[in-house]
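Worksheet: one structure, shown below.
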Amino acid sequence: MNNLGSRPLHPSPEDDDFYRFVADIRRATSIDLSQYKETQMRRRLTTLRLKHGFGDFASYFAALKSNPKLMDEFLDRMTINVSEFWRNPNRWQVLLDKFLPEMIKTTPRLQVWSAACSTGEEPYTLAMILDRLGVLDSSAILATDIDEGVLAKAKAGVYPERSLRDVPANFVRDYFQRENGNFRVAEKLKRAVRYQKQNLLLDPFGERFDLIVCRNVMIYFTEEAKMTLYTKFAKALKPGGLLFVGSTEQIFSPRQYGLETADTFFYRRTV
Ligand SMILES: C[S@@+](CC[C@H](N)C(=O)[O-])C[C@H]1O[C@@H](n2cnc3c(N)ncnc32)[C@H](O)[C@@H]1O
């Protein structure tokens, strides 16, 4: 897939218009679109600007600068925000049955990070599992995303029924309350998660995490950006700590980042 790091030798006027937009966005927001795969990003942003009737990216950017609503929409659509509780249930089951019980034996106060957490389904899934294992109160869950809009929804913690379709029935019973056709997540889960705005491509990472969950965002990034991020994730883990990735995001040659495969879509820091 083409990416913005490998631009055409002879750019067309449309290419120039788009690359100028990328530079303008970087200056205005610190978001570096050149680290995202170009084809998908450009298609998504072209659809968005045409929806508002802008003939080129220059006029779209001029409007973004003066219209905060348009800017919010741009930030919201830049990547897809879709999330679900218990996404790929059998992987969460492995965490619940195997990895977390092992970790708890030596580390009762777990430091967990849900990176690119979107609207909160992932950190709340983690919180439910930690509660089942009896260590929620002693654990710390950090949940971050670049988009303040999704973080506000995550903090509100109210979800349509379809987001819960993979949640085991006993967890629905114990951790959700019905509210006007939606489901409200239990206060004890909300209290356990600390939300913070963070751009993975720009902001510093924390350290000494026992578990980092980063799923379904790396697919948007260029190969170069991914390599940098895997190295940073490995460093952010404790030795022996785990990185849990999405089901299309297998890491090739994990050893180059100081990681080894612990199970399908789980990688362990080796050194
Ligand atoms: C498809 S969602 C993934 C949600 C969740 N992790 C899951 O797997 O269900 C992708 C999220 O990545 C976030 N994102 C995109 N670029 C980012 C960046 N540079 N830093 C942090 N988050 C980013 C988006 O705002 C979006 O909420």
Side-chain angles (χ1 to χ4, degrees), residues 3-5 22 25-26 28-38 40-42 44-45 48 71-92 95 112-129 141-157 159-160 162-167 185 193-206 209 211-230 232-233 236 242-250 264-266:
N3 67 56
L4 288 163
V22 170
I25 286 292
R26 188 171 181 176
T29 67
S30 298
I31 293 172
D32 184 2
L33 296 174
S34 74
Q35 297 200 59
Y36 293 76
K37 287 178 189 157
E38 179 176 341
Q40 325 178 328
M41 175 63 74
R42 197 163 162 174
R44 207 170 308 114
L45 295 181
L48 198 56
M71 183 57 98
D72 284 349
E73 185 200 38
F74 160 75
L75 294 174
D76 191 50
R77 300 285 179 78
M78 213 181 74
T79 59
I80 289 164
N81 289 327
V82 173
S83 190
E84 279 168 31
F85 291 95
W86 240 269
R87 201 170 184 179
N88 312 114
N90 65 353
R91 297 296 86 202
W92 289 100
L95 196 63
V112 182
W113 175 23
S114 167
C117 66
S118 190
T119 36
E121 291 86 338
E122 192 174 85
Y124 290 134
T125 302
L126 279 164
M128 283 181 237
I129 288 177
I141 305 174
L142 169 68
T144 62
D145 200 281
I146 195 173
D147 179 350
E148 281 173 296
V150 294
L151 291 175
K153 286 186 188 156
K155 285 179 198 163
Y159 298 92
R162 65 173 180 280
S163 322
L164 276 73
R165 66 177 172 201
D166 285 327
V167 184
V185 83
V193 182
R194 182 166 63 90
Y195 287 101
Q196 196 178 299
K197 184 180 173 186
Q198 189 215 32
N199 181 350
L200 287 170
L201 299 169
L202 184 73
D203 296 323
F205 284 16
F209 289 104
L211 171 66
I212 298 174
V213 182
C214 183
R215 308 177 76 214
N216 306 303
V217 67
M218 298 295 261
I219 38 166
Y220 294 104
F221 296 142
T222 63
E223 289 309 309
E224 294 80 5
K226 278 188 211 172
M227 289 176 80
T228 306
L229 286 173
Y230 289 138
K232 289 178 75 176
F233 278 130
L242 279 186
L243 173 64
F244 177 17
V245 303
S247 58
T248 56
E249 298 177 317
Q250 193 180 347
T264 313
F265 309 122
F266 289 95

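Values below: all heavy atoms of this structure, side chains included; hydrogens, waters and symmetry mates excluded. Note that ligands are numbered from 1 as they come in the structure, with each ligand's atoms numbered from 1 the same way.
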(Q) Using the rule given for side-chain contact (heavy atoms from CB on, under 4.5 Å), can you reason through D166 versus R87, listing the C-alpha separation, both sets of side-chain angles and the distance that settles it, and then say yes or no? (A) CA-CA 7 Å; D166 285 327; R87 201 170 184 179; 6.0 Å; no
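- Note: L201 CG to I146 CD1 = 7.0 Å, rounded to the nearest 0.5 Å.
- Side chain of Y124 to main chain of A154: a donor-acceptor pair is present (N/O by atom type, distance under 3.5 Å, no hydrogens or angles).
- Residue, atom and distance of the protein heavy atom nearest to atom 10 (C) of ligand 1 are I80 O, 3.3 Å.
- In this pair, F244 and W92 present their aromatic rings perpendicular. The plane angle is above 60°, beyond the 30 to 60° band.
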Q. Step by step, would you call M78 with M41 a side-chain contact (heavy atoms from CB on, under 4.5 Å)?
A. CA-CA 7 Å; M78 213 181 74; M41 175 63 74; 4.1 Å; yes
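- Taking atom 26 (C) of ligand 1 as the reference point, the nearest protein heavy-atom neighbour is N81 OD1, 3.1 Å.
- Remark: minimum distance from atom 3 (C) of ligand 1 to any protein heavy atom is reached at R215 O, 3.5 Å.
- Contact annotation for Q198 and ligand 1: only backbone heavy atoms (N, CA, C, O) come within less than 4.0 Å of the ligand.
- Atom 16 (N) of ligand 1 has its closest protein heavy atom at Y36 OH, 2.7 Å.
- Between A116 and ligand 1, a contact under 3.5 Å exists for at least one N or O pair.
- Atom 20 (N) of ligand 1 has L200 N, 2.9 Å as its closest protein atom, hydrogens excluded (heavy atom only).
- Against a heavy-atom cut-off of under 4.0 Å, N199 is close to the following atoms of ligand 1: 18 (C), 19 (N), 20 (N).
- Annotation for ligand 1: atoms under 4.0 Å from non-hydrogen atoms of S118 are 4 (C), 27 (O).
- Between E84 and R165, at least one side-chain nitrogen of the basic residue sits less than 4.0 Å from a carboxylate oxygen of the acidic one, meeting the salt-bridge criterion.
- At least one heavy atom of E122 lies less than 4.0 angstrom from ligand 1.
- For the atom pair CD1 (I219) and OG (S247), the distance works out to 9.0 Å, reported to the nearest 0.5 Å.
- The aromatic rings of F233 and W113 sit tilted relative to each other, their planes meeting at an angle between 30° and 60°.
- Nearest non-hydrogen protein atom to atom 24 (C) of ligand 1 is T79 OG1, 3.1 Å.
- A 6.0 Å sphere centred on NZ of K226 holds more than 12 heavy atoms belonging to other residues, nucleotides or ligands.
- In this structure, K232 satisfies the cation-pi test against F205, with its NZ or CZ atom closer than 6.0 Å to the six-membered ring centre and inside 45 degrees of the ring normal.
- Annotation: atom 7 (C) of ligand 1 to nearest protein heavy atom, R87 NH1, 3.1 Å.
- Atom 12 (O) of ligand 1 has V217 CG2, 3.3 Å as its closest protein atom, hydrogens excluded (heavy atom only).
- Compare D145, T144, L75, T119 by their heavy atoms: the one nearest to atom 27 (O) of ligand 1 is in D145.
- Between T125, V82, I146, N216, it is I146 that holds the heavy atom closest to atom 14 (N) of ligand 1.
- Residue contact check: D147 has heavy atoms under 4.0 Å from atoms 25 (O) of ligand 1.
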